[in-house]
Number of protein chains: 2
Amino acid sequence: MASPLDIQDDTLTERQQAVLDAVLALMVEQGGELTMNAVARRASCSKESLYKWFGDREGLLTATVRWQASKVRAGNYDRTRLDALALRDSLIRFAVNWLGVISSPTSIALNRVAIAQSGGGARTPGEGASLGAIMLANGRFAIGARLKPVLDAGREAGLIVFDDTETAFRSFIGLVGRDVQIRLLLGDTLNLTPAEIESDAARATDQFLTLYGTGNPLPERSKINA
Amino acid sequence: MASPLDIQDDTLTERQQAVLDAVLALMVEQGGELTMNAVARRASCSKESLYKWFGDREGLLTATVRWQASKVRAGNYDRTRLDALALRDSLIRFAVNWLGVISSPTSIALNRVAIAQSGGGARTPGEGASLGAIMLANGRFAIGARLKPVLDAGREAGLIVFDDTETAFRSFIGLVGRDVQIRLLLGDTLNLTPAEIESDAARATDQFLTLYGTGNPLPERSKINA
DNA sequence: CGAGAACCGTAACGTACGGTACGGACCTCT
DNA sequence: AGAGGTCCGTACCGTACGTTACGGTTCTCG
């Protein structure tokens, strides 16, 4: 998984970035059914330019995924002054951010396209990686790489305990995300308000700390079983 | 959500069922790119019969989803003799079954098709419900309706405590499923062995009981933080 | 000012696919 | 045996879409 899926040269003209934004907007408001004609019309550019810049349709999609990924990357979560409260705060902020991302129309549309294309079975040998792999590298795995240092720091500080960071991380995102992503992808209108996201993030974090905490000052039990 | 999405008349000829099984096989081994020609060839039937039996392409897909759903429906989980061990056992059995379903190639392929089609934005007014809605009704919500009585019985027996059954249920499936489904849908080759499924189910169940249990005989803590 | 490049809008081409029509084989019932 | 129905295999039609080609316009640079 050390392939260069998560890096990009960012050699993109302003114009090209505008085109990719148009693709994103089109994906969001019109679903995965995305034609080159529609993109050209929406972006007010010629199809010739589209093919000149991105090669073919798959190249355009790939560039769009990478472009969105480059916009989502948020700052790391600091692990200075790690007491129980700071850890809880970091986890909650992470959960809020992640829930906001996966429930955003852009993320949903992009995942839809990647999933639809990811089923194309027999991939020709020379062909580049599927969109699904790019989504995983920039989404799920990038997220993990960002949060795991926080968990490790929490363990070193004696606030939480676990054997495998990966397992702990997966339990956390399970508690945070639950069935949100699959339901949204299947078209469930599950509009999460910012307040719900905030409370879900806090509930999941407290549940996680109940499971993996060492018993340092934690919120009382009644708030967990919402 | 009381729409007749989860019932079907099952007025299907043996021949038609064979056709739908061919569709499923084709979806699994060839991904979502499914053409009527390929189905006819694979099922050794004429396209004319396809259209006669299922109306159009969407009808064929819908019938396929319903057909698969009708095959997956498992028996209810008995809630007789409910002590802590029996509850734990029921939850583990449920988790094993569900993990097996969502990680099966058939389920993945079907979800892929439903998700791809579910993005088709502007649905014509007269048109039937999307495949995504059918998948949700027969998958996620049917599962919930099947497990919630178990949870409620556990609560009535004083073994677990929660305010909202739905919230407790969602926490449970979050702990069980974690990121498995989205990763598989995006093409991650995450081949779960039966042994892993079994241990994941036990871990998730014990975590759930740690969060929602009332303190009755539960497995010791060390086994939870695997 | 003039040559060249970049780009927009549109037209054209080839293919793939959803949907329909037709001929022939088999099976059933009388 | 013959009529009617069901179904398979194949050919066919219309359209949509990816991709390419071309004329016209604007911008850049000498």
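Values reported hereafter were calculated over all heavy atoms of this structure, with side chains retained and with hydrogens, waters and symmetry mates removed. So that the names make sense, note that chain A is the first sequence line, chain B the second, and so on, each numbered from 1.
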Review point. When you check the gap from the basic side-chain N to the acidic O, do B:Arg93 and B:Glu198 get nearer than 4.0 Å?
Key: no

Point to revise | Short side-chain N/O contact to C:dC8 OP1/OP2 from A:Arg15, under 4.0 Å | key: yes

Point to revise | Donor-acceptor pair under 3.5 Å, B:Lys47 side chain vs D:dG9 base | key: no

Review point. Can you tell which of C:dG9, D:dT19, C:dG18 lies closest to the side chain of A:Met36?
Key: D:dT19

Check your understanding: Atom OH of B:Tyr51 and atom C1' of D:dA11: how far apart are they, to the nearest Å?
Key -> 15 Å

Study note, to complete from the structure: Per-helix bend value, the helix from C:dC1-D:dG30 to C:dT30-D:dA1, C1' rotation axes over five pairs per end, 10° rounding, shows 10°

Review point. Quick one: A:Leu61 CG to D:dT19 P, roughly how many Å, whole number?
Key: 11 Å

Practice item. Assign B:Leu50 to base, sugar-phosphate, or nothing according to its heavy-atom contacts below 4.0 angstrom with the strands shown. Key: nothing

Review point. When you measure from the side chain of A:Ser46, which nucleotide among D:dC7, C:dG9, D:dC17 comes out closest?
Key: C:dG9

Point to revise | Main-chain N/O of A:Ala38 paired to A:Thr35 side chain as donor or acceptor, under 3.5 Å | key: yes

Practice item. Using the closest heavy atom to pick a nucleotide of DNA chain D for each, name whichever of A:Asn37 or A:Glu48 lands nearer the 5' end. Key: A:Asn37

Review point. Do B:Ser46 and B:Ser49 have side-chain N/O donor and acceptor atoms under 3.5 Å apart?
Key: yes

Practice item. Please report, rounded to the nearest Å, how far the C1' atom of C:dC7 is from the CD atom of A:Glu14. Key: 17 Å

Review point. With a 4.0 Å cut-off on heavy atoms, is A:Leu60 in touch with a base, just the backbone sugar-phosphate, or nothing at all?
Key: nothing

Check your understanding: So among A:Leu26, A:Leu20, A:Thr64, which one has a side-chain contact (heavy atoms from CB on, under 4.5 Å) with A:Val39?
Key -> A:Leu26

**Study point:** Residue pair B:Asp163 / B:Thr167, side-chain donor-acceptor N/O under 3.5 Å
**Key:** no

Check your understanding: To the nearest angstrom, how far is A:Trp53 atom CH2 from D:dT19 atom C1'?
Key -> 17 Å

**Study point:** Distance-only side-chain donor-acceptor flag, A:Gln207 / A:Tyr212, under 3.5 Å
**Key:** no

Point to revise | A:Glu33 CD - C:dC17 C1' separation (whole Å) | key: 15 Å

Check your understanding: Taking atom types as they are modelled, is there a donor-acceptor pair under 3.5 Å from the base of D:dT6 to the side chain of B:Lys52?
Key -> no

Exercise for review: Consider the side chain of A:Arg57, meaning its heavy atoms from C-beta on, and name the nucleotide among C:dG9, D:dC7, D:dT19 that approaches it most closely.
Suggested key: D:dT19

Study note, to complete from the structure: Of D:dC7, D:dT19, C:dC7, the nucleotide closest to the side chain of A:Asp56 is D:dT19

**Study point:** Minimal non-hydrogen separation, B:Arg112 against B:Leu185, with atom names
**Key:** NH1-O, 2.6 Å

Review point. A:Gln16 CD to C:dC8 C1': how many Å, rounded?
Key: 15 Å

Point to revise | Value in whole Å for how far the C1' atom of D:dC17 lies from CD of A:Gln30 | key: 14 Å

